[in-house]
Peer 1: 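Mind having a look at this structure? Questions to follow.
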Amino acid sequence: MTNVATKTDKKPQTAISPTRAENFPEWYQEVIKAAELAENSPVRGCMIIKPYGYALWENIQKQLDDRIKAVGVENAYFPLLIPLSFISREAEHIDGFAKECAVVTHHRLEKNSEGKLVPAPDAELEEPFVIRPTSETIIGDAMARWTQSYRDLPLLLNQWCNVMRWEMRTRLFLRTSEFLWQEGHNAFETADEAEADARKMLDVYNDLYVNALALSGFCGEKTADERFPGAIRTYTIEIMMQDGKALQACTSHNLGQTFAKSCDIKFQGRDGREQLAWTTSWGLSTRSIGGLIMSHGDDDGLIMPPRVAPVQIIILPIMKEKNPALLEHADHLKRNLQALGIRAKVDTSDDRAPDKMWRAIKRGIPIRVEIGERELAEGKLTFTRRDLGRESKTTCSENEFLESAQNTLDAIHEELLNRSRTRAKEMIKNVTSLAELKDIYQSNFSGFVKAPIAVLDDPDYQTIKKEYSLSARCIPFEDEGATVLIGKSY
RNA sequence: CGGAGUGUAGCGCAGCCUGGUAGCGCAUCUGCUUUGGGAGCAGAGGGCCGGGGGUUCGAAUCCCUCCACUCCGACCA
């Protein structure tokens, strides 16, 4: 293989403006726009996920769904609307979600005296429904009916659905009023089983993040004030974004008997006595896409991790005018790649070559293949890795490419994962006291601080936390409870 | 919900201070020339200037009032 990349003195232009360094939040929005992942909708706080973005979500779903099923969980579906009385059953739960619930109060519209469509006054529901912000209560209600004996346990359920939380401030993928997710709900006979399950599901998520999304995060436990309303323990993966902020990438909760109590999930045990079940819940949402963008993207836009990329290899025929032989050749290469299990596509548009290239770059397609008319004659092609950029431009024979394509995709995955790992390491500072922590954030540090767990009890902690808009991200497993990771977050 | 800002062509913006009836760039369409890192020339189409009310002979521009969105906080996946 020969490297044909040309070196130029002038600074290469970036596809995304502003750059990450200039304005990270705006860069983020621009990347989404440029990659055509999603856009804001006419509905406040709700996004339209465009075909390319939805294809990405479907791949994440597929990868996670397989893993969930592999540990014995079954998919089911529960209603979007939850009776208000269900939500009110759990006091802590209400405190957590009441402020952000959308409520359905009527079942019919009619025209008023001004000819405007309004909810019909005589069509008011006896009991309002809440659009699910999460489904613990309605699934718990079903579990109560499905669980009579210890032989009915464990009960392992998952649903893929949308939920709604009326957020004050929204951002595409990271925080939207409506979002897509999976929520798993498991019930067990013993406390130990539930605890082990909450940990196990976090491992499942971590496997997804590391091996499918090429993201390395910190697995750990949430502190008491960051816990899910109603949980006795919440586990999380916190991922370092390029601007040093944390993204809570998923959560897994040990709910103890909280919901068993309020939903009445009882069973007759091995000893013949009636007892309450122990439950867990665990979720991962479209927010993972936000994490992927903010971790892997660069100033030219998105970089798709190969294993969830909707298109893994894009083939660009480079031609002066429509060249049927070249198009046929490109299509043939595509079919050969597909036969290897690779998601390949030919850009058949009649756009100019540079436009095709930039579109592929902005969409983050892992490998871009260019075939020109000279190369067609020689049986060669040129490919470029998205993660390494134009310097990686390589010309080789088509056979060489076919043989190495899967390896190259794996290499891109490893490269992205390494970057994520390295960033997590480099952007953490260890401190021994709260005073030291304060000094660091005072000097405009962006990243996490790892502090002794005792700082949480320091009387000044709450003040400093507020002053620098910090929060305890998690108590990382790696230090077995001795430390806490603190940082800014999304 | 507090603070700041922005709503003008599909997108990005100027015009507003100092009222006179709509402009630029990109995109789109047509034609010709180009084509291995974002093409050039010529022409064309496209606007209830966020909504409502007021002042005025006349409002994108001034005043009042809603509404929406973005950013920074608080709340949160």
Side-chain angles (χ1 to χ4, degrees), chain A residues 4-8 10 12-17 23-26 28-30 33-34 39-45 95-101 133-134 162-183 205 222 225-229 234 236-239 246-253 281-291 300 316-323 326 350-362 368-376 380-382 384 389-391 393 395 465-469 471 488-490:
Chain A
V4 295
T6 49
K7 293 212 157 83
T8 52
K10 61 176 179 183
Q13 55 190 135
T14 61
I16 302 295
S17 166
N23 186 340
F24 196 80
E26 208 176 317
Y28 174 79
Q29 309 271 8
E30 291 301 318
K33 207 187 287 178
E39 61 186 30
N40 280 314
S41 76
V43 184
R44 199 203 93 105
D95 286 348
F97 288 107
K99 288 166 287 185
E100 48 189 36
C101 282
T134 179
N162 57 344
V163 289
M164 176 157 277
R165 299 178 188 177
W166 210 261
E167 298 288 350
M168 292 286 126
R169 200 181 137 209
T170 59
R171 281 233 269 163
L172 290 175
F173 291 114
L174 295 174
R175 174 161 296 106
T176 46
S177 296
E178 180 190 18
F179 59 90
L180 306 184
W181 76 344
Q182 61 66 224
E183 48 176 326
Y205 288 142
K222 283 283 182 191
D225 29 318
E226 303 285 333
R227 229 176 254 152
F228 177 77
T234 290
T236 178
I237 301 177
E238 300 286 328
I239 302 180
L247 185 77
Q248 181 174 306
C250 57
T251 46
S252 178
H253 316 289
S281 72
W282 29 280
L284 180 143
S285 74
T286 34
R287 174 181 249 198
S288 54
I289 294 175
D300 283 331
L316 312 182
I318 309 288
M319 49 198 175
K320 287 188 171 45
E321 52 207 43
K322 278 260 183 238
N323 181 335
L326 183 50
D350 51 9
D351 289 330
R352 308 158 43 76
D355 294 337
K356 291 183 190 178
M357 290 178 200
W358 283 108
R359 187 166 52 231
I361 291 169
K362 286 185 284 193
R368 184 175 84 239
V369 170
E370 293 157 32
I371 309 177
E373 290 172 328
R374 284 194 309 275
E375 288 165 327
L376 172 64
K380 288 186 171 175
L381 54 73
T382 299
T384 310
R390 56 193 301 192
E391 297 301 313
K393 204 166 177 181
T395 298
K465 185 175 123 170
K466 247 209 171 118
E467 195 178 343
Y468 297 100
S469 31
S471 56
K488 297 184 189 188
S489 77
Y490 278 98

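Chain identifiers are assigned alphabetically (A, B, ...) following the order of the sequence lines, protein sequences preceding nucleic acid strands; residue numbering begins at 1 within each chain.
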Peer 1: Could you give the distance separating B/rG51 and B/rG10 at their P atoms, to the nearest angstrom?
Peer 2: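 It comes out at 14 Å once rounded to the nearest Å.
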Peer 1: Could you tell me if A/Arg165 sits above the aromatic ring of A/Trp181, with its cationic atom closer than 6.0 Å to the ring centre and no more than 45 degrees from the axis?
Peer 2: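 Ring-cation test returns yes.
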Peer 1: Got a sec, which residues hit side-chain contact (heavy atoms from CB on, under 4.5 Å) with A/Ser471, two or more places apart in sequence or on another chain?
Peer 2: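 Per chain and number, A/Ser471 pairs via side-chain contact (heavy atoms from CB on, under 4.5 Å) with A/Glu226, A/Arg473, A/Ser489.
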Peer 1: Just how far is it from atom OG1 of A/Thr176 to atom CE of A/Met164, taken to the nearest 0.5 Å?
Peer 2: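 It is 8.5 Å, given to the nearest 0.5 Å.
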Peer 1: Using heavy-atom distances to pick each residue's nearest nucleotide on RNA chain B, tell me which of A/Phe173 and A/Ile371 is more 5'.
Peer 2: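 Counting from the 5' end, the first nearest nucleotide belongs to A/Ile371.
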Peer 1: Could you measure between the two C1' atoms, the one in B/rG47 and the one in B/rG15, and give it in whole Å?
Peer 2: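 15 Å, rounded to whole Å.
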Peer 1: Any chance you could measure A/Tyr28, atom OH, to A/Lys33, atom NZ, to the nearest 0.5 Å?
Peer 2: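 So the OH of A/Tyr28 and the NZ of A/Lys33 are separated by 13.5 Å.
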Peer 1: Using the side-chain heavy atoms of A/Glu370, tell me which of these nucleotides is nearest: B/rG36, B/rC71, B/rG37.
Peer 2: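 Selected nucleotide: B/rG36.
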Peer 1: For A/Asn40 and B/rU70, is the shortest distance between a side-chain N/O and OP1 or OP2 below 4.0 Å?
Peer 2: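 Yes, because at least one side-chain N or O of A/Asn40 sits under 4.0 Å from OP1 or OP2 of B/rU70.
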Peer 1: What is the nucleic acid contact for A/Phe97, judged by heavy atoms within less than 4.0 Å: base, sugar-phosphate only, or nothing?
Peer 2: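 It contacts nothing in the nucleic acid.
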Peer 1: For A/Glu373, report the nucleic acid contact type (base, sugar-phosphate, nothing); a contact means any heavy atom under 4.0 Å.
Peer 2: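 Base contact.
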Peer 1: Name the nucleic acid region contacted by A/Lys488, choosing base, sugar-phosphate or nothing; use a 4.0 angstrom heavy-atom cut-off, strictly under.
Peer 2: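 Counting heavy atoms under 4.0 Å across all strands, no contact is made by A/Lys488.
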Peer 1: Whole angstrom is fine here: how far is it from CE in A/Met319 over to P in B/rU34?
Peer 2: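 Atom CE in A/Met319 sits about 18 Å away from atom P in B/rU34.
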Peer 1: Sticking with atom C1', work out how far B/rA22 lies from B/rG46, rounded to a whole angstrom.
Peer 2: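 Nearest-Å result for B/rA22 against B/rG46 at atom C1': 13 Å.
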Peer 1: Counting runs of three or more consecutive pairs, Watson-Crick or G-U wobble, with each distance below 3.5 Å, where are the stems of RNA chain B?
Peer 2: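 Expected stems, ordered by start: B:1-7 with B:67-73, B:10-13 with B:23-26, B:28-33 with B:39-44, B:50-54 with B:62-66.
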Peer 1: So, is A/Arg390 close to the B/rG37 phosphate, meaning a side-chain N or O under 4.0 Å from OP1 or OP2?
Peer 2: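 Answer is no, no contact under 4.0 Å.
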Peer 1: Could you give the distance separating B/rU18 and B/rA27 at their P atoms, to the nearest angstrom?
Peer 2: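 Their P atoms lie roughly 38 Å apart.
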Peer 1: Round to a whole Å and report the spacing from CD1 of A/Ile318 to P of B/rG37.
Peer 2: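 These atoms are roughly 8 Å apart.
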Peer 1: Taking B/rC16 as the reference, what is the distance to B/rG50 when you measure between their P atoms (whole Å, please)?
Peer 2: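 That atom pair is separated by 15 Å.
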Peer 1: Rounded to the nearest 0.5 Å, what separation is found between the OG1 atom of A/Thr384 and the NZ atom of A/Lys393?
Peer 2: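 Rounded to the nearest 0.5 Å, the OG1-NZ separation comes out at 5.5 Å.
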Peer 1: Among the candidates B/rG36, B/rG38, B/rC71, find the nucleotide nearest to the side-chain atoms of A/Gln29.
Peer 2: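 Per side-chain heavy atoms of A/Gln29, the pick is B/rC71.
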Peer 1: When we call it a touch if two heavy atoms are under 4.0 Å apart, what does A/Leu284 touch: a base, just sugar-phosphate, or nothing?
Peer 2: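 Contact class for A/Leu284: none.
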Peer 1: From the options B/rA39, B/rG37, B/rG12, select the nucleotide whose nearest atom is closest to the side chain of A/Arg368.
Peer 2: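 The answer is B/rG37.
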Peer 1: For the side chain of A/Thr382, counting heavy atoms from C-beta on, which of B/rG12, B/rG36, B/rA39 is nearest?
Peer 2: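 Among the listed nucleotides, the one closest to the side chain of A/Thr382 is B/rG36.
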Peer 1: To the side chain of A/Ser469, which of B/rG73, B/rU35, B/rC69 is closest?
Peer 2: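 So the side chain of A/Ser469 is nearest to B/rG73.
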Peer 1: Considering only the C1' atoms, how many Å lie between B/rG53 and B/rC48, rounded to the nearest integer?
Peer 2: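 One C1' to the other, the span is 16 Å.
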Peer 1: B/rG38 C1' sits how many Å from A/Glu30 CD, rounded?
Peer 2: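 Atom CD in A/Glu30 sits about 16 Å away from atom C1' in B/rG38.
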Peer 1: Can you tell me how far C1' in B/rC17 sits from the matching atom in B/rA60, rounded to whole Å?
Peer 2: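 Straight-line distance between the two C1' atoms is 14 Å.
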Peer 1: Nearest 0.5 Å, what's the CG-CE distance between A/Asp350 and A/Met319?
Peer 2: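 If we round to the nearest 0.5 Å, A/Asp350:CG and A/Met319:CE are 8.0 Å apart.
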Peer 1: If you check the A/Lys33 side chain, which of B/rG36, B/rU34, B/rG12 turns out closest?
Peer 2: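 Closest nucleotide among those given: B/rG12.
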Peer 1: Separation of A/Leu174 atom CG from B/rC71 atom C1', in whole Å?
Peer 2: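 Rounding to the nearest Å, CG of A/Leu174 and C1' of B/rC71 are 15 Å apart.
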Peer 1: Does A/Gly283 reach a base, just sugar-phosphate, or nothing at all? Heavy atoms under 4.0 Å.
Peer 2: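 Nothing, no heavy atom under 4.0 Å.
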Peer 1: Go nucleotide by nucleotide along RNA chain B from the 5' end; which of A/Arg374 and A/Tyr490 gets its closest nucleotide reached first?
Peer 2: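 This one resolves to A/Arg374.
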Peer 1: What I want to find out is whether A/Lys465 reaches A/Asp225 closely enough, with some N-O distance under 4.0 Å, to be called a salt bridge.
Peer 2: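 Result for this pair is yes, salt bridge flagged.
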Peer 1: In this structure, how many angstroms lie between the P atom of B/rG36 and the CG atom of A/Leu326, rounded?
Peer 2: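 Rounding to the nearest Å, CG of A/Leu326 and P of B/rG36 are 14 Å apart.
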Peer 1: Quick one: A/Glu39 CD to B/rA68 C1', roughly how many Å, whole number?
Peer 2: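 In whole Å, B/rA68 C1' lies 16 Å from A/Glu39 CD.
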Peer 1: Taking atom P of B/rA74 as reference, at what distance in whole Å does atom CD of A/Glu100 sit?
Peer 2: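 Between P of B/rA74 and CD of A/Glu100: 16 Å.
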Peer 1: Looking for any heavy atom pair under 4.0 Å, which part of the strands does A/Ser285 touch: base, sugar-phosphate only, or nothing?
Peer 2: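 Result for A/Ser285 = base.
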Peer 1: Identify whether the distance between the nearest side-chain nitrogen and carboxylate oxygen of A/Arg368 and A/Glu370 falls below 4.0 Å.
Peer 2: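 Between A/Glu370 and A/Arg368 there is a salt bridge, with a charged N closer than 4.0 Å to a carboxylate O.
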Peer 1: Within the structure shown, what part of the strands sits under 4.0 Å from A/Thr234 by heavy-atom distance: base, sugar-phosphate, or nothing?
Peer 2: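 No contact.
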Peer 1: Main chain of A/Ser285, side chain of A/Ser288: is a donor-acceptor contact present, judged purely on distance under 3.5 Å?
Peer 2: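 Confirmed, A/Ser288 side chain pairs with A/Ser285 backbone.
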Peer 1: What's the spacing between A/Arg359 CZ and A/Leu316 CG if we round to 0.5 Å?
Peer 2: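 Reported to 0.5 Å precision, the distance equals 8.5 Å.
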Peer 1: Nearest to the side chain of A/Glu167, which nucleotide is it out of B/rG36, B/rC75, B/rC71?
Peer 2: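 Shortest atom-to-atom distance from the side chain points to B/rC75.
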Peer 1: What integer number of Å spans the P atoms of B/rU21 and B/rA59?
Peer 2: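 That atom pair is separated by 12 Å.
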Peer 1: What is the distance, to the nearest angstrom, from the CH2 atom on A/Trp358 to the P atom on B/rG37?
Peer 2: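 Spelled out: CH2 on A/Trp358 to P on B/rG37 is 11 Å.
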